[in-house]
Colleague: 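Structure incoming, see below.
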Amino acid sequence: MSLVIYNSLTRKKETFVPLTQGYVGLYVCGPTVSGESHLGHARPYVTFDVVYRYLTHLGNKVRYVRNITDAGHFEEEGREAEDKISKKATLEKLEPMELVQKYTNLFHWAMLQMNNVEPSIEPTATGHIVEQINMIETIIKDGYAYVVNGSVYFDVEKYHADFSKKGLPYGILSGRVLEDMLETTRELDNQEEKRNRADFALWKNAPPEHIMRWKSPWGEGFPGWHIECSAMSTKYLGDEFDIHGGGMDLQFPHHECEIAQSAVCNHKSPARYWMHNNMITINGRKMGKSYNNVIKLSELFSGNHPILEQAYHPMTIRFFILQTHYRSTLDFSNEALQASEKGLKRLWEAYENLGKLPVTNNQQPVTSNLKPVTELDETVLKLLNELDEFMNDDFSTAKVLANIFELVPTINALKNKQLAADALSNDVIVFMQQKLKLFIEDILGLKFENSGGEHLDGVLQLLINIRKEAKTKKDFVTSDKIRNELSAMGIQLKDEKDGSVSWSI
RNA sequence: GGUCCUGUGGCCGAGUGGCUAGGCAGAGCUCUGCAAAAGCUUCUACAGCGGUUCGAAUCCGCUCGGGACCUCCA
């Protein structure tokens with residue numbers, strides 16, 4: 001049973017074989033820190049966090065590189081080219097790097113809230129200007145780029161003509177046909193510098209008002225959109241690496257251009273497996289700046305947005321994302337998120353209950369080769385062993401969660417003694433404890449935070465005891481008062497079967 | 001216009017041609033001083049029309065609807 005990944009490059013599921021056994025190079029396109037991250041941004045980072053966690057779990061040493069784009073891109077090709085970051089800096093009267101720092105910090109904060117593991121290397125575009133210039137020089141030297149007025153453009157047509165023969169036509173990733181693209185000549189202004197409509201900028205000459213600028217062989221300017229990823233992935237992962245990930249909207253032109261740049265410089269396609277996550281939509285529409293329908297992560301966590309009916313915990317968002325397959329669109333709505341919130345709560349309670357089931361020998365690691373003794377053993381073992389299969393099948397987190405949910409009734413019934421204690425063998429319970437911890441916490445990265453802490457629990461135990469005394473005296477007025485008023489504060493008391501009382505928020 | 005994806009029950013979403021995914025919501029029952037929780041049972045599906053097949057949500061075609069990319073975008 002081996003890991004199978006859907007490769008956007010071949011449009012097929014393929015068995016994953018790393019270039020070097022036991023080592024995996026993973027590059028994921030990071031955020032542009034000219035603004036705050038929104039819900040849509042959460043998706044790739046959660047998706048690839050799970051990819052990273054799972055590859056690591058499989059025993060690989062993974063180098064996970066996720067860049068920070070802190071150098072300017074073009075706002076809009078048709079209009080005056082301007083550096084997004086420097087433009088906003090002028091408006092806010094901030095230093096560009098101050099703005100970059102602010103949004104980088106906010107991004108890191110959001111990633112931490114979502115319990116995403118930090119990447120191994122998080123390189124910045126501004127920190128790799130030299131590497132980018134070097135790469136551009138190579139491309140010019142090889143004849144695949146030309147200089148006009150201090151800007152450098154990639155010659156797509158020439159590249160396509162030469163590299164098609166080598167099996168790397170321009171459009172190999174996105175399925176686009178260059179000839180078609182050249183025909184659809186949409187009128188665009190300020191295109192006169194380019195020889196061809198499909199050409200893209202490697203370096204842009206900086207107009208005098210530009211704050212972010214670097215010296216280059218072609219004058220002062222700043223790097224083009226795509227070159228940073230090529231430069232940084234090459235530097236940290238080599239000419240050829242295993243997996244390149246990002247949002248589907250980056251497939252073209254960003255990733256297509258990366259392939260072309262790297263192919264010229266390194267004589268091969270940079271990544272062997274390309275993975276693209278689908279979009280988060282809102283009312284069926286992609287969430288994005290251009291649509292003016294974004295909900296920032298900080299707003300989601302605080303509930304401070306007109307669309308939001310309430311605040312949503314970062315783990316609810318993570319769970320919400322994992323409940324669907326990463327290649328499907330995911331539609332946001334309050335209803336959907338509230339369903340996730342309740343589902344996650346149910347999962348946590350069962351998970352807690354599982355941890356409390358009385359077992360012996362729970363320190364011993366139990367293998368999946370357990371022999372089922374009872375009928376229930378067989379069902380449970382089947383559900384547990386399928387978890388690996390699902391993850392191996394292109395990271396089907398939705399199915400993993402579905403199976404875990406199928407275990408919930410069994411766990412709860414054992415805890416409430418609705419099932420006989422021996423319905424499930426001790427070893428199977430231990431195995432389930434170990435396996436669910438592995439999948440829920442380590443692989444899916446769901447983190448349970450017990451709010452309140454020791455003090456609150458002490459206070460509640462006091463109230464629970466007072467209520468118990470009242471109940472013994474059949475003073476239900478007092479007992480109900482305690483329960484109802486706690487409930488109004490959001491704390492639920494539950495009378496358990498064995499006479500004990502538990503609480504949850 | 002070009003390229004591609006998609007249409008599943010009240011909502012969200014898995015689905016490899018035959019065997020009820022799962023979550024949320026609804027109904028009934030059990031437990032309980034009452035409640036909550038939990039357990040058990042249960043109702044709502046595969047956009048439409050054809051075709052292939054012994055058999056299709058799953059493959060093919062057409063129609064209708066939705067979306068993405070082609071411009072910064074996760």
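Per chain, numbering begins at 1; letters A, B, ... match sequence-line order.
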Colleague: Starting the side chain at C-beta, find the nucleotide from B:A74, B:C12, B:G22 nearest to A:F405.
Modeller: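 Given the options B:A74, B:C12, B:G22, the side chain of A:F405 is closest to B:G22.
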Colleague: Using the C1' atom on both, measure B:C11 against B:C73 and round to a whole Å.
Modeller: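 Those two atoms are separated by 29 Å.
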Colleague: Can you name the nearest heavy-atom pair linking A:M212 to A:D70, along with the distance?
Modeller: CE-O, 3.2 Å
Colleague: So what does A:K286 hit on the nucleic acid, given a heavy-atom distance under 4.0 Å: a base, only sugar-phosphate, or nothing?
Modeller: base
Colleague: Quick one: closest heavy-atom pair of A:H226 and A:Q261, and the distance?
Modeller: O-OE1, 3.3 Å
Colleague: Check whether any side-chain nitrogen or oxygen of A:Y291 sits under 4.0 Å from OP1 or OP2 of B:U71, and answer yes or no.
Modeller: no
Colleague: Both distances below 3.5 Å, Watson-Crick or wobble geometry, any strand: find the nucleotide opposite B:U3.
Modeller: B:A68
Colleague: Take atom C1' in B:G66 and the same atom in B:C29, then report the distance between them in whole Å.
Modeller: 42 Å
Colleague: Whole angstrom is fine here: how far is it from CG in A:N278 over to C1' in B:A74?
Modeller: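 Distance, rounded to whole Å: 11 Å.
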Colleague: Rounding to the closest angstrom, what is the interatomic distance between B:G7 and B:A45 at atom C1'?
Modeller: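 Roughly 13 Å separates the two C1' atoms.
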Colleague: Assess the residue pair A:F107 and A:Y45 against the criterion (ring-ring contact (aromatic ring centres under 6.0 Å, His included)); give the C-alpha distance rounded to whole Å, side-chain angles, the decisive distance to 0.1 Å, and a yes or no.
Modeller: CA-CA 11 Å; A:F107 173 71; A:Y45 306 128; 5.3 Å; yes
Colleague: Would you indicate what A:G288 reaches in the nucleic acid, counting non-hydrogen atoms under 4.0 angstrom: base, sugar-phosphate, or nothing?
Modeller: nothing
Colleague: Grab the CG-P distance between A:L330 and B:G67 for me, whole Å please.
Modeller: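 Computing the A:L330:CG to B:G67:P distance gives 17 Å.
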Colleague: With rounding to the closest Å, how many angstrom separate the C1' atoms on B:C46 and B:U20?
Modeller: 13 Å
Colleague: So if I apply the ring-ring contact (aromatic ring centres under 6.0 Å, His included) rule between A:F448 and each of A:Y351, A:F319, A:W348, which one comes out positive?
Modeller: A:W348
Colleague: Ignoring backbone atoms, establish whether A:R197 has a side-chain N or O less than 4.0 Å from OP1 or OP2 of B:U71.
Modeller: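 For B:U71, OP1 or OP2 has a side-chain N or O of A:R197 closer than 4.0 Å.
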Colleague: Under 3.5 Å for both donor-acceptor distances, Watson-Crick or wobble: does B:U42 have a partner, and if so which one?
Modeller: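 The base-pairing partner of B:U42, which may sit in any strand shown, is B:G26.
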Colleague: Please work out if A:E406 contacts a base, only the sugar-phosphate, or nothing of the nucleic acid, heavy-atom cut-off 4.0 Å.
Modeller: sugar-phosphate
Colleague: Looking only at side-chain N and O atoms, does A:R327 come under 4.0 Å of OP1 or OP2 in B:U6?
Modeller: no
Colleague: If you compare all heavy atoms of A:R213 against all heavy atoms of A:A206, which two are closest, and at what distance to 0.1 Å?
Modeller: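 Distance-wise, the nearest heavy atoms are NH2-O, 3.6 Å.
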Colleague: Tell me the partner of B:C59, counting only Watson-Crick (N1-N3 plus N6-O4 or O6-N4) or G-U wobble (N1-O2 and O6-N3) with both under 3.5 Å; none if nothing fits.
Modeller: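 Here B:C59 is engaged in a pair, and the nucleotide opposite it is B:G51.
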Colleague: From OH of A:Y312 over to C1' of B:G23, roughly how many Å is that when rounded to an integer?
Modeller: 15 Å
Colleague: Atom CD of A:E309 to atom P of B:C24: distance rounded to whole Å?
Modeller: 18 Å
Colleague: Return the nearest nucleotide to the side chain of A:R176; candidates are B:A74, B:G2, B:G23.
Modeller: B:G2
Colleague: Rounded to the nearest Å, what distance is computed from the CD atom of residue A:E256 to the P atom of nucleotide B:U71?
Modeller: 13 Å
Colleague: Only one of A:W274, A:Y273, A:Y64, A:F48 passes ring-ring contact (aromatic ring centres under 6.0 Å, His included) with A:H244; say which it is.
Modeller: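 For A:H244, the ring-ring contact (aromatic ring centres under 6.0 Å, His included) test succeeds with only one of A:W274, A:Y273, A:Y64, A:F48, which is A:W274.
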Colleague: Within this structure, what is the CD-to-C1' distance between A:Q323 and B:G23, rounded to whole angstrom?
Modeller: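 One finds 5 Å between C1' of B:G23 and CD of A:Q323, rounded.
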Colleague: Please report the distance separating the C1' of B:A57 from the corresponding atom of B:C49, rounded so that it comes out in whole Å.
Modeller: 16 Å
Colleague: Is a side-chain donor-acceptor pair under 3.5 Å present for A:Y326 with A:D394?
Modeller: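 Their side chains do contain a donor-acceptor pair, which is all the 3.5 Å distance test asks for.
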Colleague: Please measure how far the P atom in B:C60 lies from the corresponding atom in B:U44, and state the result in whole Å.
Modeller: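 Rounded to whole Å, the distance is 30 Å.
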Colleague: Tell me the interatomic distance from A:M248, atom CE, to B:A68, atom C1', rounded to whole angstroms.
Modeller: 8 Å
Colleague: Classify the nucleic acid contact of A:H38 as base, sugar-phosphate or nothing, counting any heavy atom under 4.0 Å across all strands shown.
Modeller: base
Colleague: Let me know which of A:N293, A:D249, A:T281 forms a side-chain hydrogen bond (donor to acceptor under 3.5 Å, both in side chains) with A:K286.
Modeller: A:D249
Colleague: Take the protein atom CG of A:L407 and the nucleotide atom P of B:A21, then report the distance between them rounded to whole Å.
Modeller: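 From A:L407 CG to B:A21 P: 17 Å.
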Colleague: On RNA chain B, compare the nucleotides closest to A:H325 and A:Y45; which residue's is nearer the 5' end?
Modeller: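 Taking each residue's closest nucleotide, the earlier one in sequence belongs to A:H325.
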Colleague: Would you mind building the protein contact string for nucleotides 32-39 of chain B? One character per nucleotide, 5' to 3', B for base within reach (heavy atoms under 4.0 Å), S for sugar-phosphate only, - for untouched.
Modeller: -BBBBBBS
Colleague: Quantified in whole Å, what is the C1' atom distance between nucleotide B:C69 and nucleotide B:C12?
Modeller: 26 Å
Colleague: Reading RNA chain B from 5' onward, which residue's closest nucleotide shows up sooner: A:V177 or A:A402?
Modeller: A:V177
Colleague: Do we get A:R176 above A:F252's six-membered ring, with its NZ or CZ under 6.0 Å from the centre and within 45° of the axis?
Modeller: yes
Colleague: Please give the distance between the C1' atoms of B:C43 and B:G28 as a whole number of Å.
Modeller: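 Comparing C1' positions in B:C43 and B:G28 gives a spacing of 11 Å.
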